[in-house]
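Beneath this line is the structure, given in structure tokens, with notes to follow.
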Amino acid sequence: TLFSNKKKKRKKICYIFFIVVNEFCERFSYYGMRAVLVLYFRYFLLWDDDLATSIYHAFVALCYLTPILGAIIADSWLGKFKTIIYLSIVYAIGQVTMAISTIHDITDANRDGTPDNFTFHIALSMLGLILIALGTGGIKPCVAAFGGDQFQEHQSRQLNTFFSVFYLCINAGSLLSTLITPLKSVASTLMVFIAGSGMYVKTDPEGNIMWSVCKCIGFAIKNRFRHRSSSYPKREHWMDWANEKYDKLLIAQIKMVLKVLFLYIPLPMFWTLFDQKGSRWTLQATTMSGDFVSILISTVNPILILTLVPIMDRLIFPLIQKCGLNFSPLKRMTVGMLFAAMAFVSAALVQIEIDKTLPNFPSSSESQLKVVNTYSTTLNVTISPNEHLLIESFGSSADYVTFDHQDITVSLNTNPVITKAFSLIKGGRQTLIIPSDPTVMYLKEDVKSKPREGKNAIRFVNGYTADLNITNLDSIEPSATTNYTLVNQGKRDFVLRHGEQWCEFSRKFGFGASYTFLIPSTVFSDDCESITEVEDMKPNSVHMALQIPQYFLITTGEVMFSVTGLQFSYSQAPKNMKSVLQAGWLCTNAVGNIIVLIVAELGKLPKQWAEYLLFASLLVAVSIIFSIMAYFYTYIDPAEIEAQVRKEQGLEPEEMEKETLEMEEKDEDQKNEQGVKQTKI
Ligand SMILES: CC(C)C[C@H](NC(=O)[C@@H](N)Cc1ccccc1)C(=O)O
């Protein structure tokens with residue numbers, strides 16, 4: 001017996017392996033594609049930032065809504081195994097469609113490198129995304145529940161380990177996806193899953209269960225309404241009003257599911273905070289110094305998951321248990337929420353530090369002006385009515401001057417005095433460029449927010465007497481100013497050229513700064529040495545490493561909340577509705593994403609740190625509500641309840657046989673465990 005049990009165990013590990021590797025490949029494909037999606041929208045379809053992020057969040061939300069469809073198909077019709085196979089094919093078709101939509105040659109008749117028919121590419125990519133959402137979301141609740149089905153009712157410890165390993169695979173897949181192309185992985189996902197086909201425990205779908213559930217709930221409500229007079233005796237549960245027409249077992253199962261779904265109501269708030277690490281926190285990183293924005297965003301979460309899940313499972317949770325504390329699943333989830341709230345407090349503290357270093361940008365009713373002098377002598381600049389600035393040749397005013405009106409008059413102390421009227425941009429920052437011929441002084445618009453992705457915005461003013469060519473820039477006429485170009489951090493070289501003459505200009509850049517470089521007429525005679533630099537915006541000075549605590553806190557929260565939620569959703573679901581509850585759990589994520597979308601549309605609070613604190617407080621409030629709900633929740637063993645109801649109804653002999661077999665197996669397992677212990681002793 002001991003030998004055959006060991007063999008059984010090894011076999012189980014083998015087919016669980018197929019399931020978790022399948023999840024690994026699927027997440028690899030999903031996150032690999034998701035990582036480049038916004039870039040595809042921005043740089044291929046040429047959408048603006050707002051549209052790109054909105055469609056991205058809508059896609060993510062759809063991916064977590066489609067699990068309902070997958071669960072209905074699996075639990076009512078095809079069964080989990082077939083649903084996974086068929087929807088994986090849909091998924092693969094979606095990835096191929098998406099890949100085809102990125103080939104610009106298809107509509108690029110004139111071969112200029114840009115597609116001629118954007119509508120075609122948009123339509124194809126949207127179709128691809130819908131198919132992917134259907135595939136990834138549809139199979140998601142089935143794979144988790146199918147993995148759980150491989151365990152017997154008494155194997156709750158192994159079941160929990162399975163969900164932890166399952167979560168590890170999700171994150172290992174997402175981590176690796178940043179390194180290798182995702183397309184091949186859908187095919188491998190399918191092949192890995194099919195490879196284990198003969199070994200799985202496959203539970204059959206039990207007819208159109210969702211339809212029966214809806215009809216049963218509808219009947220209970222109608223019946224309750226019909227008997228609302230006080231002359232009718234109250235029933236223990238409102239679902240008991242379906243007793244007249246529906247099977248007691250179905251009613252008991254619906255009660256179990258509704259109890260858990262009710263508990264899920266506050267959960268989207270956790271995801272609302274969690275999903276903002278991809279948006280608000282990324283933006284925060286762009287206002288910080290350090291070279292790991294993209295790496296930080298795509299890898300820190302999965303890396304932390306891969307380290308924290310084993311630490312929690314093997315060390316922290318057993319330690320808490322040893323201290324005699326009952327750290328039940330719902331308590332873990334509450335603590336997980338509090339960790340996420342702490343992460344946002346940490347983000348707020350970091351934001352306060354960043355704000356101290358940020359420039360004082362104009363409000364929507366103000367205008368800001370800086371003056372740059374490329375005239376041959378120092379100038380006395382008067383800006384009406386009472387702003388006087390003394391600016392050296394090839395220098396600038398110390399900082400921006402803020403005006404609460406737009407119309408100004410500028411006078412220069414040249415001989416004769418030059419006076420010119422200007423209208424400033426409301427809410428904008430501008431520079432008044434005084435060229436070698438001051439009569440043609442002009443305004444140039446400046447950047448009024450930190451450049452994106454920690455890049456630096458630079459431009460050149462040509463004080464040379466002829467046209468100049470600068471590396472990667474168009475030729476500049478004398479006295480003209482180039483538009484801003486974005487350059488990355490680090491040392492950058494520029495070659496300035498006019499005919500045969502040239503010189504090389506090198507400059508080391510930090511993060512998020514903006515500069516105007518003034519080129520004097522002597523530029524070639526002193527080998528570019530005389531180029532002066534005007535700092536329009538200081539480089540970022542708060543280091544990105546300060547974001548690590550908030551990432552650590554939110555990921556600790558995720559391990560406590562999400563891994564536990566996954567296990568809880570499986571263990572508290574009746575046998576025929578495991579996928580449905582998994583889908584309900586995933587839907588809490590979809591709702592969280594939709595809230596992020598709405599919040600982004602509604603706009604931000606004037607102070608970003610205040611918004612972070614607001615979210616943290618909201619989550620604390622929600623976690624208090626959740627803990628109260630959890631206090632009144634009694635953990636159930638769905639199999640036991642089902643068995644009890646069946647017993648009350650009189651068990652069918654077939655079911656009885658199955659149950660006896662399971663009991664025998666359980667006894668055997670226990671005996672063997674004891675045997676192993678005794679042998680060890
Ligand atoms: C809602 C799901 C339980 C989400 C789950 N996500 C994760 O496990 C994330 N830690 C993965 C991740 C990776 C990279 C950046 C952010 C998140 C899933 O995908 O199933």
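Order of appearance sets the numbers: ligands from 1, and atoms from 1 within every ligand.
- You'll find the side chain of Asn326 reaches within 4.5 Å of the side chain of Lys331, heavy atoms only.
- Side-chain atoms of Pro574 and Val257, non-hydrogen and from C-beta on, do get closer than 4.5 Å to each other.
- Polar contact check, Asn171 against ligand 1: a nitrogen or oxygen pair lies under 3.5 Å apart.
- Checked by distance only, ligand 1 and Ser174 stay at 3.5 Å or farther apart across all their nitrogen or oxygen atoms.
- Screening residues 616-626 for side-chain hydrogen bond (donor to acceptor under 3.5 Å, both in side chains) gives no qualifying pairs among residues at least two apart or on separate chains.
- Contact annotation: Tyr30 has no heavy atom less than 4.0 Å from any atom of ligand 1.
- For the pair Ser562 and ligand 1, the shortest N or O to N or O distance does not fall below 3.5 Å.
- The proximity of Leu175 to ligand 1, defined as any non-hydrogen pair under 4.0 Å, does not occur for either the backbone or the side chain.
- Aromatic ring orientation, His121 versus Phe44: perpendicular (interplanar angle above 60°, classes split at 30° and 60°).
- Residue Lys277 has no nitrogen or oxygen atom sitting less than 3.5 Å from a nitrogen or oxygen atom of ligand 1, judged on distance alone.
- Taking every non-hydrogen atom of Tyr64 and a distance limit under 4.0 Å, the qualifying atoms of ligand 1 come out as 1 (C), 4 (C), 18 (C), 19 (O).
- Looking at Gln253 and Lys575, their side chains never come closer than 4.5 Å, going by heavy atoms from C-beta outward.
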